[in-house]
Amino acid sequence: MTVHIGAKPGEIAETVLMPGDPLRAKWAAERFLENPVCVNEVRGMLGFTGTWKGNRVTIHGSGMGMPSLSIYANELIKDYGARTLIRIGSCGAMQEKVGLRDVILATTSSTLSTPSSGIFRELNFAPWADFGLLHKAYHVAEGRGMPIHVGGIYSSDVFYDERPDLNEQMQRHGILAVEMEAAELYTLAARYGCRALAVLTVSDHLLTEEALPSEDRQSSFSDMVEIALEAAFA
Ligand code: HPA
């Protein structure tokens, strides 16, 4: 047990999928894993361990935002030995060429966030995705005929953003989309020598203000789980 995770030693797999929402973690574990067992429910955050095609996997919620993801990813890596962490989540598109439901594989993520700025201070550290995971995820998504974009994203600390000027600069510099967790996940993976990837689908568009209906969010989520599992093990 750690401060925020109730799992016993050995109950967390080396490969962890991290959706933001704990109930999505439960849904994905029940839908995709064989013999899923709930290994965490501290503070309502849910984690499940089971197998997929014979491979042990944990699906554990991250919560929303980098401070929340940071707590879980730190404990999963340092206390439970997680080595491959894949975020599956939604994002808001920032470019015209990116459409609703498109898949985004983030090569890197820019951020103003305090978990990073507190460490790096004046240095603009550029956290990166694991190339092997990204490469496999790209081929899986491409094989399914999904529209995919690979490039830089923005991990914001706020959903209700008061800095439209900053979004404009992101758009001008080709940032594909905004979400709230990947930069911290990639930074922790760099620090502890783990593999990390963010597989995202576009749930809303900052330029057109379109948004996915909730049924489509469920099917996009299901696609992301499959891409993540195949990227981790195929
Ligand atoms: N902002 C931040 N995070 C998000 C968004 C957004 O517009 N859409 C999905 N995740």
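In this chain, numbering begins with 1 at the start of the sequence shown. All heavy atoms count here, side chains included; hydrogens, waters and symmetry mates do not.
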Check whether more than 12 heavy atoms from other residues, nucleotides or ligands sit under 6.0 Å from atom CE of Met64, and answer yes or no. no
Under 4.5 Å side-chain linkage, directly or through intermediates, the cluster mates of Tyr160: Phe159, Met180
Kindly give the heavy-atom pair with the smallest separation between Val3 and Val42, and that separation in Å. O-CG1, 4.2 Å
In Å, rounded to the nearest 0.5 Å, how long is the span from CG of Asp21 to CZ of Phe221? 7.5 Å
Which pairs, with at least one residue in residues 175-184 and sequence neighbours excluded, count as a side chain to side chain donor-acceptor pair (under 3.5 Å)? Ser70-Glu184, Arg87-Glu179, Arg87-Glu181, Ser155-Glu179
Same hydrophobic cluster for Leu200 and Leu197, using side-chain heavy-atom links shorter than 4.5 Å among ILVMFWY? no
Interatomic distance, CD1@Ile88 vs CD1@Ile59, rounded to 0.5 Å, equals 6.5 Å
Among residues at least two apart in sequence or on other chains, which ones pass side chain to side chain contact (heavy atoms under 4.5 Å, CB included) with Val98? Ala93, Gln95, Asp102, Ile104, His149, Leu176, Val202
Are any non-hydrogen side-chain atoms of Thr187 and Met66 less than 4.5 angstrom apart? no
Using the rule that two of Ile, Leu, Val, Met, Phe, Trp, Tyr join whenever any of their side-chain heavy atoms come within less than 4.5 Å, decide whether Met94 and Leu100 are in one cluster. no
Contact list for residues 193-206, test side chain to side chain donor-acceptor pair (under 3.5 Å), sequence neighbours left out: Thr84-Arg195
What is the minimum heavy-atom distance between Ile77 and Cys194, and which atoms define it? CG2-SG, 3.7 Å
Are Val57 and Val16 close enough that some pair of their side-chain heavy atoms sits under 4.5 Å apart? no
Could you tell me the separation between the NE2 atom of His4 and the CG atom of Leu76, rounded to the nearest 0.5 Å? 12.0 Å
Salt bridge (charged side-chain N to carboxylate O under 4.0 Å, His left out) partners of residues 163-172, not counting sequence neighbours, each pair once: Arg163-Asp165
Sort and list the pairs that fulfil side chain to side chain donor-acceptor pair (under 3.5 Å) and have at least one residue in residues 220-234, not counting sequence neighbours. Arg144-Glu226
Side-chain heavy atoms nearer than 4.5 Å, only ILVMFWY residues, links allowed to pass through others: does that put Leu17 and Phe233 together? yes
Pairs touching residues 46-79 that satisfy ring-ring contact (aromatic ring centres under 6.0 Å, His included), sequence neighbours left out: His60-Tyr72
Look up atom CG in Leu188 and atom CG in Asn74, then write down how far apart they are to the nearest 0.5 Å. 5.0 Å
Please name the pair of heavy atoms, one in Ser62 and one in Ser68, separated by the smallest distance, quoted to 0.1 Å. O-OG, 2.7 Å
Using atom types as modelled, flag every donor-acceptor pair under 3.5 Å from a side chain in residues 126-143 to any protein atom, sequence neighbours excluded.
unit_1: Asp130; atom_1: OD2; unit_2: Gly132; atom_2: N; d: 3.1
unit_1: Asp130; atom_1: OD2; unit_2: Leu133; atom_2: N; d: 2.9
unit_1: Lys136; atom_1: NZ; unit_2: Ala234; atom_2: O; d: 3.0

Side chains of Asn167 and Val178: closer than 4.5 Å at any heavy-atom pair? no
Show me the donor-acceptor pairs, under 3.5 Å and distance only, between side chains in residues 24-32 and residues at least two apart or in other chains.
unit_1: Lys26; atom_1: NZ; unit_2: Glu30; atom_2: OE2; d: 3.2

Using 0.5 Å steps for rounding, measure from the CG atom of Leu33 to the OG1 atom of Thr49. 8.5 Å
Please report the interatomic distance CG(Asn40) to OG1(Thr58), rounded to the nearest 0.5 Å. 10.5 Å
For atom CD of Gln171, is the number of surrounding heavy atoms from other residues, nucleotides or ligands below 6.0 Å larger than 12? yes
Who are the side chain to side chain contact (heavy atoms under 4.5 Å, CB included) partners of Pro213, not counting sequence neighbours? Glu215, Asp216
Residues two or more places apart in sequence or in another chain: which of them pass side chain to side chain contact (heavy atoms under 4.5 Å, CB included) with Thr2? Ile5, Glu75, Asp79, Tyr80
Side-chain contact, heavy-atom cut-off 4.5 Å: Ser110 with Ile175? yes
Salt bridge (charged side-chain N to carboxylate O under 4.0 Å, His left out): pairs with one or both residues in residues 103-122, sequence neighbours excluded: none
Looking at Glu34, I want to see if its CD is surrounded by more than 12 non-hydrogen atoms of other residues, nucleotides or ligands under 6.0 Å. yes
